[in-house]
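Since the structure comes first, as C-alpha coordinates, the remarks are kept for the end.
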Amino acid sequence: MKVLAVGGGGREHAAVEALYRSGSELYCVMKNANPGIIARSKKHLLCDEKDVNRVVAFAKENGVELAFVGPEAPLEVGIVDALEKEGIKCASPTKDAARIETSKQFMRQLVRDHGIDGNLSFASFDNADDTEAYLRTLDHEIVVKPVGLTGGKGVKVQGEHLHSFEETMEYVHEIFDGNIGGAGVIIEEKAVGEEFTQMVFVDGRNIIPMPLVQDHKRAYDGDVGPNTGGMGSYTDADHLLPFVTEGDREDALRIVQSIVDALAEEGCPYRGVMYGQFMLTVNGPKIIEINARFGDPEAMNVLTVLRSNFEDICMRMATGTLGDGVEFAKAATVCKYVVPKGYGVKSESGHEISVDEEAIRGCGAIAYYANVDMKDGKLVTGTSRSIGVVGEGPSIEEAERNCEAALKHVKCDAIFVRHDIGTRELVQRRVDHMSALRNA
Ligand code: AMP
Ligand code: GLY
(Lines give C-alpha, C1' and ligand atoms only; values in the text may rest on other atoms or scores of the structure.)
(Ligands and ions follow the chains in the order given, each with its own letter.)
Protein backbone atom coordinates (compact mmCIF):
# COMPACT_ATOMS: atom_id res chain seq x y z
CA MET A 1 0.00 0.00 0.00
CA LYS A 2 1.13 3.57 -0.62
CA VAL A 3 1.79 5.20 2.74
CA LEU A 4 2.67 8.77 3.64
CA ALA A 5 5.04 9.17 6.61
CA VAL A 6 5.63 12.63 8.06
CA GLY A 7 8.68 13.55 10.14
CA GLY A 8 12.45 13.24 9.95
CA GLY A 9 13.60 12.13 13.42
CA GLY A 10 14.68 8.86 15.01
CA ARG A 11 11.11 8.02 15.94
CA GLU A 12 10.02 8.46 12.34
CA HIS A 13 12.96 6.45 10.99
CA ALA A 14 11.90 3.60 13.29
CA ALA A 15 8.27 3.89 12.08
CA VAL A 16 9.40 3.98 8.46
CA GLU A 17 11.52 0.84 8.97
CA ALA A 18 8.51 -0.92 10.51
CA LEU A 19 6.29 0.15 7.60
CA TYR A 20 8.94 -0.91 5.09
CA ARG A 21 9.14 -4.35 6.74
CA SER A 22 5.34 -4.51 6.35
CA GLY A 23 5.59 -4.02 2.60
CA SER A 24 4.52 -0.35 2.43
CA GLU A 25 5.48 1.80 -0.54
CA LEU A 26 6.67 4.91 1.26
CA TYR A 27 6.22 8.59 0.51
CA CYS A 28 8.01 10.60 3.15
CA VAL A 29 7.99 14.25 4.14
CA MET A 30 10.63 15.70 6.44
CA LYS A 31 12.49 18.96 6.93
CA ASN A 32 15.98 17.43 7.17
CA ALA A 33 17.38 14.90 4.71
CA ASN A 34 17.28 11.83 6.99
CA PRO A 35 19.28 9.20 5.06
CA GLY A 36 17.60 6.28 6.85
CA ILE A 37 14.14 7.45 5.83
CA ILE A 38 15.20 8.43 2.34
CA ALA A 39 16.69 4.96 1.77
CA ARG A 40 13.25 3.42 2.38
CA SER A 41 11.23 6.00 0.41
CA LYS A 42 9.90 5.57 -3.06
CA LYS A 43 9.74 9.36 -3.11
CA HIS A 44 10.44 12.05 -0.53
CA LEU A 45 9.79 15.74 -0.09
CA LEU A 46 11.98 18.04 1.99
CA CYS A 47 9.74 20.71 3.44
CA ASP A 48 8.36 22.15 6.66
CA GLU A 49 6.26 19.36 8.16
CA LYS A 50 3.68 21.95 9.26
CA ASP A 51 3.13 23.13 5.70
CA VAL A 52 -0.20 21.32 5.46
CA ASN A 53 -0.97 22.38 1.87
CA ARG A 54 2.32 21.07 0.50
CA VAL A 55 2.10 17.82 2.43
CA VAL A 56 -1.48 17.18 1.30
CA ALA A 57 -0.59 18.02 -2.32
CA PHE A 58 2.35 15.58 -2.19
CA ALA A 59 0.09 12.87 -0.74
CA LYS A 60 -2.57 13.40 -3.42
CA GLU A 61 -0.09 13.58 -6.27
CA ASN A 62 1.24 10.19 -5.28
CA GLY A 63 -2.10 8.56 -4.55
CA VAL A 64 -1.32 7.58 -0.97
CA GLU A 65 -4.06 5.71 0.89
CA LEU A 66 -2.81 5.84 4.45
CA ALA A 67 -0.85 8.41 6.46
CA PHE A 68 1.24 8.21 9.61
CA VAL A 69 2.36 11.44 11.29
CA GLY A 70 5.33 11.20 13.66
CA PRO A 71 5.74 14.61 15.37
CA GLU A 72 3.22 16.68 17.32
CA ALA A 73 3.73 20.01 15.53
CA PRO A 74 1.93 19.04 12.28
CA LEU A 75 -0.87 17.47 14.35
CA GLU A 76 -1.40 20.78 16.13
CA VAL A 77 -1.93 22.60 12.83
CA GLY A 78 -4.49 20.03 11.64
CA ILE A 79 -2.57 17.95 9.12
CA VAL A 80 -4.76 14.91 9.82
CA ASP A 81 -7.99 16.88 9.36
CA ALA A 82 -6.70 18.09 5.98
CA LEU A 83 -5.57 14.63 4.84
CA GLU A 84 -8.85 13.03 5.90
CA LYS A 85 -10.76 15.66 3.95
CA GLU A 86 -9.00 14.30 0.87
CA GLY A 87 -10.08 10.76 1.71
CA ILE A 88 -6.70 9.66 3.04
CA LYS A 89 -6.93 7.41 6.07
CA CYS A 90 -4.84 8.53 9.03
CA ALA A 91 -3.23 6.51 11.81
CA SER A 92 -2.74 9.73 13.79
CA PRO A 93 -5.13 12.03 15.68
CA THR A 94 -7.06 15.04 14.44
CA LYS A 95 -6.24 18.51 15.71
CA ASP A 96 -8.98 18.33 18.35
CA ALA A 97 -7.96 14.90 19.60
CA ALA A 98 -4.29 15.96 19.67
CA ARG A 99 -5.14 18.64 22.25
CA ILE A 100 -4.45 15.88 24.75
CA GLU A 101 -0.81 16.79 24.08
CA THR A 102 -0.90 20.26 22.57
CA SER A 103 -2.59 21.78 25.64
CA LYS A 104 -1.52 20.57 29.05
CA GLN A 105 -4.48 22.54 30.46
CA PHE A 106 -6.91 20.61 28.21
CA MET A 107 -5.44 17.29 29.32
CA ARG A 108 -5.59 18.02 33.07
CA GLN A 109 -9.10 19.47 32.79
CA LEU A 110 -10.40 16.48 30.78
CA VAL A 111 -8.99 14.08 33.34
CA ARG A 112 -10.55 16.12 36.16
CA ASP A 113 -13.96 16.53 34.46
CA HIS A 114 -14.25 12.83 33.72
CA GLY A 115 -13.16 11.77 37.22
CA ILE A 116 -10.23 9.77 35.87
CA ASP A 117 -7.61 8.48 38.32
CA GLY A 118 -3.99 9.59 38.29
CA ASN A 119 -4.44 13.36 38.07
CA LEU A 120 -2.24 15.85 39.90
CA SER A 121 -3.50 19.13 41.33
CA PHE A 122 -2.91 21.96 38.88
CA ALA A 123 -3.86 25.50 37.92
CA SER A 124 -3.10 27.44 34.76
CA PHE A 125 -2.57 31.17 34.31
CA ASP A 126 -2.28 33.81 31.62
CA ASN A 127 -0.18 36.26 33.66
CA ALA A 128 2.67 36.25 36.16
CA ASP A 129 0.85 38.11 38.99
CA ASP A 130 -1.93 35.52 39.28
CA THR A 131 0.65 32.75 39.07
CA GLU A 132 2.59 34.34 41.93
CA ALA A 133 -0.54 34.77 44.07
CA TYR A 134 -1.40 31.09 43.57
CA LEU A 135 2.14 29.92 44.31
CA ARG A 136 2.02 31.83 47.63
CA THR A 137 -0.96 29.74 48.74
CA LEU A 138 0.81 26.39 48.23
CA ASP A 139 2.68 24.35 50.79
CA HIS A 140 3.83 21.54 48.50
CA GLU A 141 6.51 21.31 45.81
CA ILE A 142 5.45 22.09 42.27
CA VAL A 143 6.47 21.87 38.64
CA VAL A 144 6.31 24.81 36.22
CA LYS A 145 5.33 24.11 32.61
CA PRO A 146 4.39 26.20 29.61
CA VAL A 147 0.81 25.13 28.67
CA GLY A 148 1.66 24.73 24.97
CA LEU A 149 4.24 22.70 23.05
CA THR A 150 7.94 23.15 23.78
CA GLY A 151 9.49 19.99 22.36
CA GLY A 152 9.77 18.40 25.81
CA LYS A 153 12.17 21.03 27.09
CA GLY A 154 10.03 23.59 28.94
CA VAL A 155 9.43 21.80 32.25
CA LYS A 156 11.20 22.89 35.44
CA VAL A 157 10.86 20.98 38.67
CA GLN A 158 11.14 22.52 42.15
CA GLY A 159 13.96 20.98 44.13
CA GLU A 160 15.71 19.95 40.90
CA HIS A 161 15.81 22.97 38.60
CA LEU A 162 14.15 25.57 40.81
CA HIS A 163 15.64 26.01 44.28
CA SER A 164 13.78 29.00 45.69
CA PHE A 165 10.57 30.97 45.29
CA GLU A 166 12.59 33.65 43.47
CA GLU A 167 13.97 31.15 40.95
CA THR A 168 10.48 29.78 40.37
CA MET A 169 9.08 33.26 39.70
CA GLU A 170 12.03 34.08 37.48
CA TYR A 171 11.13 31.11 35.31
CA VAL A 172 7.43 32.05 35.31
CA HIS A 173 8.39 35.51 34.05
CA GLU A 174 10.68 33.98 31.44
CA ILE A 175 7.77 31.93 30.06
CA PHE A 176 5.44 34.94 29.87
CA ASP A 177 8.09 37.38 28.59
CA GLY A 178 9.27 34.94 25.93
CA ASN A 179 5.75 33.64 25.24
CA ILE A 180 7.23 30.15 25.53
CA GLY A 181 4.71 27.55 24.38
CA GLY A 182 2.36 30.40 23.41
CA ALA A 183 -0.45 29.60 25.87
CA GLY A 184 0.49 30.58 29.41
CA VAL A 185 1.76 28.67 32.42
CA ILE A 186 0.52 25.60 34.24
CA ILE A 187 1.60 24.86 37.80
CA GLU A 188 1.36 21.19 38.76
CA GLU A 189 1.82 19.34 41.99
CA LYS A 190 5.17 17.55 41.95
CA ALA A 191 4.85 13.77 41.88
CA VAL A 192 7.59 11.69 43.49
CA GLY A 193 8.51 8.22 42.29
CA GLU A 194 9.85 6.50 39.18
CA GLU A 195 8.74 7.34 35.67
CA PHE A 196 7.58 4.96 32.99
CA THR A 197 6.01 5.26 29.57
CA GLN A 198 2.97 3.25 28.50
CA MET A 199 2.23 3.66 24.81
CA VAL A 200 -0.87 2.15 23.21
CA PHE A 201 -2.39 1.77 19.76
CA VAL A 202 -5.85 3.37 19.63
CA ASP A 203 -8.66 3.09 17.05
CA GLY A 204 -11.11 5.63 18.48
CA ARG A 205 -12.33 3.32 21.26
CA ASN A 206 -10.08 0.34 21.81
CA ILE A 207 -6.48 0.15 22.92
CA ILE A 208 -3.64 -2.35 22.53
CA PRO A 209 -0.66 -1.84 24.84
CA MET A 210 2.98 -1.80 23.86
CA PRO A 211 5.86 -2.85 26.14
CA LEU A 212 6.60 -0.41 28.97
CA VAL A 213 9.58 1.87 28.45
CA GLN A 214 11.64 4.08 30.71
CA ASP A 215 13.03 7.25 29.16
CA HIS A 216 15.78 9.46 30.60
CA LYS A 217 14.95 13.13 30.30
CA ARG A 218 17.93 14.67 32.04
CA ALA A 219 20.86 15.50 29.81
CA TYR A 220 23.72 14.02 31.83
CA ASP A 221 24.81 10.80 33.51
CA GLY A 222 23.32 10.33 36.97
CA ASP A 223 20.04 12.07 36.02
CA VAL A 224 21.33 15.59 36.35
CA GLY A 225 21.21 18.56 34.01
CA PRO A 226 18.47 20.18 31.97
CA ASN A 227 15.41 18.33 30.69
CA THR A 228 15.76 17.17 27.11
CA GLY A 229 13.51 15.43 24.58
CA GLY A 230 14.94 12.18 26.02
CA MET A 231 18.49 10.84 26.04
CA GLY A 232 17.70 7.15 25.83
CA SER A 233 15.37 4.44 27.05
CA TYR A 234 15.01 0.75 27.75
CA THR A 235 12.43 -2.04 27.71
CA ASP A 236 12.55 -5.44 29.40
CA ALA A 237 11.95 -8.87 27.87
CA ASP A 238 8.71 -9.36 29.86
CA HIS A 239 7.37 -5.99 28.62
CA LEU A 240 7.16 -4.68 32.19
CA LEU A 241 9.95 -2.78 33.95
CA PRO A 242 11.97 -4.04 36.93
CA PHE A 243 10.19 -1.62 39.31
CA VAL A 244 6.66 -1.84 37.83
CA THR A 245 4.26 -4.63 38.80
CA GLU A 246 1.54 -6.10 36.61
CA GLY A 247 -0.96 -4.31 38.88
CA ASP A 248 0.72 -0.91 38.35
CA ARG A 249 0.61 -1.49 34.63
CA GLU A 250 -3.09 -2.38 34.77
CA ASP A 251 -3.74 0.86 36.68
CA ALA A 252 -1.92 2.85 34.00
CA LEU A 253 -3.84 1.10 31.21
CA ARG A 254 -7.14 1.80 32.95
CA ILE A 255 -6.23 5.51 33.03
CA VAL A 256 -5.28 5.53 29.35
CA GLN A 257 -8.50 3.70 28.39
CA SER A 258 -10.52 6.24 30.40
CA ILE A 259 -8.83 9.10 28.54
CA VAL A 260 -9.65 7.45 25.20
CA ASP A 261 -13.27 7.04 26.35
CA ALA A 262 -13.40 10.68 27.50
CA LEU A 263 -12.13 11.97 24.16
CA ALA A 264 -14.77 9.92 22.35
CA GLU A 265 -17.45 11.33 24.67
CA GLU A 266 -16.20 14.85 24.01
CA GLY A 267 -16.73 14.28 20.27
CA CYS A 268 -13.09 13.98 19.30
CA PRO A 269 -12.36 10.25 19.15
CA TYR A 270 -8.67 9.47 19.25
CA ARG A 271 -6.99 7.40 16.55
CA GLY A 272 -3.28 6.68 16.46
CA VAL A 273 -0.56 6.00 18.97
CA MET A 274 -1.17 7.47 22.42
CA TYR A 275 1.69 8.00 24.81
CA GLY A 276 1.11 7.95 28.55
CA GLN A 277 3.92 9.12 30.75
CA PHE A 278 3.43 8.19 34.38
CA MET A 279 5.15 8.71 37.69
CA LEU A 280 4.80 5.55 39.71
CA THR A 281 4.21 6.86 43.23
CA VAL A 282 3.31 5.12 46.48
CA ASN A 283 -0.28 5.96 45.58
CA GLY A 284 -0.08 4.34 42.16
CA PRO A 285 0.67 5.81 38.73
CA LYS A 286 0.15 9.57 38.32
CA ILE A 287 -0.14 11.22 34.92
CA ILE A 288 2.88 13.33 33.97
CA GLU A 289 1.86 13.92 30.38
CA ILE A 290 -0.14 12.40 27.58
CA ASN A 291 1.23 12.71 24.06
CA ALA A 292 -0.53 12.32 20.74
CA ARG A 293 2.17 10.21 19.12
CA PHE A 294 4.98 7.76 19.76
CA GLY A 295 7.60 8.87 22.25
CA ASP A 296 11.02 9.65 20.91
CA PRO A 297 13.23 7.70 21.79
CA GLU A 298 10.62 5.20 23.08
CA ALA A 299 9.38 4.42 19.54
CA MET A 300 12.80 3.05 18.66
CA ASN A 301 12.66 0.51 21.51
CA VAL A 302 9.21 -0.87 20.83
CA LEU A 303 9.26 -0.77 17.02
CA THR A 304 12.56 -2.68 17.02
CA VAL A 305 10.79 -5.61 18.72
CA LEU A 306 7.41 -5.27 16.97
CA ARG A 307 6.77 -8.54 15.14
CA SER A 308 3.31 -7.77 13.70
CA ASN A 309 2.71 -5.95 10.44
CA PHE A 310 2.83 -2.22 11.29
CA GLU A 311 1.04 -1.11 8.12
CA ASP A 312 -1.81 -3.38 9.10
CA ILE A 313 -1.89 -1.95 12.64
CA CYS A 314 -1.95 1.59 11.21
CA MET A 315 -4.87 0.70 8.96
CA ARG A 316 -6.72 -0.85 11.89
CA MET A 317 -6.16 2.29 14.00
CA ALA A 318 -7.27 4.54 11.14
CA THR A 319 -10.47 2.59 10.45
CA GLY A 320 -11.65 1.74 13.97
CA THR A 321 -10.93 -1.98 13.56
CA LEU A 322 -8.02 -2.47 15.94
CA GLY A 323 -9.14 -5.85 17.30
CA ASP A 324 -6.31 -7.61 19.08
CA GLY A 325 -3.26 -9.58 18.10
CA VAL A 326 -0.23 -7.35 18.14
CA GLU A 327 2.96 -9.20 18.90
CA PHE A 328 6.25 -7.95 20.31
CA ALA A 329 9.37 -10.11 20.65
CA LYS A 330 10.22 -11.15 24.19
CA ALA A 331 13.51 -9.28 24.06
CA ALA A 332 14.93 -6.36 26.03
CA THR A 333 16.16 -3.21 24.29
CA VAL A 334 18.40 -0.33 25.30
CA CYS A 335 18.43 2.84 23.22
CA LYS A 336 21.05 5.55 23.65
CA TYR A 337 20.88 8.75 21.71
CA VAL A 338 24.04 10.24 20.28
CA VAL A 339 23.43 13.99 20.66
CA PRO A 340 25.38 17.08 19.61
CA LYS A 341 27.76 18.72 22.05
CA GLY A 342 25.85 21.28 24.10
CA TYR A 343 22.47 19.57 23.57
CA GLY A 344 20.02 20.61 26.28
CA VAL A 345 21.66 24.02 26.65
CA LYS A 346 23.00 25.23 23.30
CA SER A 347 23.83 22.65 20.65
CA GLU A 348 26.75 22.82 18.30
CA SER A 349 25.63 21.67 14.87
CA GLY A 350 27.06 21.08 11.40
CA HIS A 351 29.71 18.56 12.44
CA GLU A 352 30.37 15.60 10.16
CA ILE A 353 29.12 12.30 11.58
CA SER A 354 29.58 8.76 10.29
CA VAL A 355 27.56 5.63 11.00
CA ASP A 356 28.72 2.11 10.12
CA GLU A 357 25.31 0.45 9.89
CA GLU A 358 26.66 -3.00 9.10
CA ALA A 359 29.09 -3.05 12.01
CA ILE A 360 26.25 -1.88 14.26
CA ARG A 361 24.03 -4.74 13.09
CA GLY A 362 26.95 -7.08 13.77
CA CYS A 363 26.76 -5.98 17.43
CA GLY A 364 23.11 -7.04 17.78
CA ALA A 365 21.96 -3.43 17.44
CA ILE A 366 20.37 -1.07 14.97
CA ALA A 367 20.99 2.62 14.24
CA TYR A 368 18.16 5.05 13.55
CA TYR A 369 19.03 8.38 11.98
CA ALA A 370 17.48 11.41 13.64
CA ASN A 371 18.25 15.13 13.39
CA VAL A 372 21.06 14.80 10.87
CA ASP A 373 21.20 16.34 7.42
CA MET A 374 23.12 16.02 4.16
CA LYS A 375 25.35 19.05 3.41
CA ASP A 376 27.69 19.00 0.39
CA GLY A 377 27.42 15.23 0.21
CA LYS A 378 28.32 14.80 3.88
CA LEU A 379 26.21 13.65 6.80
CA VAL A 380 26.22 16.39 9.45
CA THR A 381 24.68 16.91 12.89
CA GLY A 382 21.74 19.25 13.47
CA THR A 383 20.88 21.00 16.74
CA SER A 384 18.69 18.17 18.04
CA ARG A 385 19.43 14.49 18.73
CA SER A 386 21.58 12.87 16.02
CA ILE A 387 21.49 9.05 15.99
CA GLY A 388 19.56 6.56 18.13
CA VAL A 389 21.37 3.28 18.71
CA VAL A 390 19.21 0.39 19.96
CA GLY A 391 20.81 -2.76 21.32
CA GLU A 392 18.64 -5.87 21.64
CA GLY A 393 19.21 -8.87 23.91
CA PRO A 394 17.58 -11.43 26.20
CA SER A 395 18.09 -9.09 29.21
CA ILE A 396 18.49 -5.34 29.74
CA GLU A 397 22.12 -5.93 30.65
CA GLU A 398 22.90 -7.75 27.41
CA ALA A 399 20.95 -5.23 25.34
CA GLU A 400 22.98 -2.49 27.03
CA ARG A 401 26.26 -4.20 26.20
CA ASN A 402 25.22 -4.58 22.57
CA CYS A 403 24.23 -0.93 22.44
CA GLU A 404 27.59 0.18 23.86
CA ALA A 405 29.52 -2.01 21.39
CA ALA A 406 27.48 -0.53 18.54
CA LEU A 407 28.01 3.07 19.70
CA LYS A 408 31.72 2.71 18.83
CA HIS A 409 30.65 2.67 15.18
CA VAL A 410 29.16 6.16 15.31
CA LYS A 411 31.95 8.69 14.86
CA CYS A 412 31.87 12.45 15.28
CA ASP A 413 34.03 14.87 17.25
CA ALA A 414 31.23 16.97 18.72
CA ILE A 415 28.77 14.57 20.33
CA PHE A 416 27.93 13.02 23.68
CA VAL A 417 25.96 10.04 24.99
CA ARG A 418 24.48 9.12 28.37
CA HIS A 419 26.40 5.94 28.94
CA ASP A 420 24.61 5.10 32.19
CA ILE A 421 21.25 4.32 30.54
CA GLY A 422 20.30 0.64 30.89
CA THR A 423 23.33 -0.22 33.04
CA ARG A 424 22.78 -2.64 35.89
CA GLU A 425 23.76 0.11 38.33
CA LEU A 426 21.22 2.67 37.14
CA VAL A 427 18.38 0.15 36.75
CA GLN A 428 19.09 -1.12 40.27
CA ARG A 429 18.97 2.45 41.57
CA ARG A 430 15.45 2.79 40.13
CA VAL A 431 14.35 -0.46 41.77
CA ASP A 432 15.88 0.57 45.12
CA HIS A 433 14.29 4.02 44.93
CA MET A 434 10.87 2.52 44.31
CA SER A 435 11.16 -0.04 47.09
CA ALA A 436 12.43 2.62 49.51
CA LEU A 437 9.33 4.72 48.73
CA ARG A 438 7.02 1.71 49.07
CA ASN A 439 8.56 0.71 52.41
CA ALA A 440 8.67 4.20 53.88
P1 AMP B 1 7.19 16.52 30.43
O2 AMP B 1 7.79 17.27 29.31
O3 AMP B 1 5.84 16.99 30.85
O4 AMP B 1 7.29 15.04 30.23
O5 AMP B 1 8.16 16.77 31.67
C6 AMP B 1 9.53 16.53 31.60
C7 AMP B 1 9.98 15.89 32.88
O8 AMP B 1 9.69 16.73 33.98
C9 AMP B 1 9.25 14.60 33.19
O10 AMP B 1 9.84 13.53 32.55
C11 AMP B 1 9.39 14.53 34.68
O12 AMP B 1 10.66 14.04 35.06
C13 AMP B 1 9.30 15.96 35.08
N14 AMP B 1 7.91 16.29 35.45
C15 AMP B 1 6.95 16.80 34.67
N16 AMP B 1 5.80 16.97 35.34
C17 AMP B 1 6.04 16.54 36.60
C18 AMP B 1 5.24 16.47 37.79
N19 AMP B 1 4.00 16.92 37.83
N20 AMP B 1 5.84 15.95 38.89
C21 AMP B 1 7.13 15.55 38.89
N22 AMP B 1 7.92 15.60 37.80
C23 AMP B 1 7.39 16.10 36.67
N1 GLY C 1 10.53 10.90 25.15
C2 GLY C 1 9.51 11.79 25.52
C3 GLY C 1 8.65 12.26 24.45
O4 GLY C 1 8.71 11.80 23.33
O5 GLY C 1 7.86 13.13 24.70
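Indexing begins at 1, ligand by ligand and atom by atom, following the structure's order.
- Proximity of Arg218 to ligand 1, defined as any heavy-atom pair under 4.0 Å, is confined to the side chain (atoms from C-beta onward).
- Using a 4.0 Å cut-off to heavy atoms of Glu195, the atoms of ligand 1 that qualify are 9 (C), 10 (O), 11 (C), 12 (O).
- Distances between N or O atoms of Arg11 and those of ligand 2 include no value under 3.5 Å.
- Within the structure, the closest approach of Gly295 to ligand 2 falls below 4.0 Å when heavy atoms are considered.
- Of the listed residues (Val143, Ile290, Val155), the one carrying the non-hydrogen atom nearest atom 8 (O) of ligand 1 is Val155.
- The ligand atoms of ligand 1 that sit less than 4.0 angstrom from a heavy atom of Glu289 are 1 (P), 2 (O), 3 (O), 4 (O).
- For ligand 2, the atoms closer than 4.0 angstrom to any heavy atom of Glu289 are 5 (O).
- Remark: aromatic rings of Phe125 and Tyr134 are close, center separation under 6.0 Å.
- For Gly391 against Ala365, the heavy-atom pair with the smallest separation is CA-CB, 3.9 Å.
- Atoms of ligand 2 found under 4.0 Å from any heavy atom of Asp215 (numbered from 1 in listed order, with element): 1 (N), 2 (C).
- Per-residue contacts place Arg293 under 4.0 angstrom from the following atoms of ligand 2 (heavy atoms of the residue considered): 3 (C), 4 (O), 5 (O).
- For ligand 2, the polar-atom distance check finds no N/O of Phe294 at less than 3.5 Å from any of the ligand's N/O atoms.
- Classification of Arg385 and Asp296 as a salt-bridged pair holds, one side-chain N sitting under 4.0 Å from a carboxylate O.
- The 12-atom threshold is not exceeded at CZ of Arg205, counting heavy atoms of other residues, nucleotides or ligands nearer than 6.0 Å.
- Heavy atoms of Lys286 found under 4.0 angstrom from ligand 1: none, in either backbone or side chain.
- In this structure, Ser233 falls outside the shell of residues with a heavy atom less than 4.0 angstrom from ligand 2.
- Listed here is the closest heavy atom pair of Leu66 and Ala318: CD1-CB, 4.0 Å.
- In the vicinity of Lys217, heavy-atom distances shorter than 4.0 Å reach the ligand 2 atoms 2 (C).
- Ligand-side atoms of ligand 1 in range of Met279: 21 (C), 22 (N), range being under 4.0 angstrom from any heavy atom.
- If you look at Asn291 next to ligand 2, the close heavy atoms, those under 4.0 Å, all belong to the side chain.
- Using a 4.0 Å cut-off to heavy atoms of Glu189, the atoms of ligand 1 that qualify are 18 (C), 19 (N), 20 (N).
- A distance of 9.5 Å separates CD1 of Ile142 from CD of Glu188, quoted to the nearest 0.5 Å.
- The shortest side-chain heavy-atom distance between Val157 and Lys190 falls under the 4.5 Å cut-off.
- Near Lys145, meaning under 4.0 Å from any of its heavy atoms, are these atoms of ligand 1: 3 (O), 15 (C), 16 (N).
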Between Gln158 and His163, is a side chain to side chain donor-acceptor pair (under 3.5 Å) present by the stated rule, with each step listed? CA-CA 6 Å; Gln158 257 184 9; His163 299 284; over 6 Å; no
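- The shortest N or O to N or O distance between Lys190 and ligand 1 is not under 3.5 Å.
- Only the side chain of Leu120 comes within 4.0 Å of ligand 1, counting heavy atoms alone; its backbone N, CA, C and O stay farther away.
- Residue Asn127 forms a side chain to side chain donor-acceptor pair (under 3.5 Å) with just one option from Thr131, Asp130, Asp129, and that option is Asp130.
- Looking at ligand 1, you'll find an N or O of Ala191 within less than 3.5 Å of one of its N or O atoms.
- No donor-acceptor pair under 3.5 Å is formed between the side chain of His114 and the backbone N or O of Leu263.
- Between Ile38 and Cys28 there is no side-chain heavy-atom pair separated by less than 4.5 Å.
- Contacts with ligand 2 closer than 4.0 Å are made by no heavy atom of Gln277, backbone or side chain.
- At a threshold of 4.5 Å between non-hydrogen side-chain atoms, the residues Val417 and Val339 do not count as touching.
- The pair Glu170-Lys156 does not count as a salt bridge, with every side-chain nitrogen at least 4.0 angstrom from each carboxylate oxygen.
- Distances below 4.0 Å separate heavy atoms of Glu188 from the following atoms of ligand 1: 16 (N), 19 (N).
- Taking only non-hydrogen atoms, the option from Asp215, Val192, Asn291, Val157 nearest to atom 13 (C) of ligand 1 is Val157.
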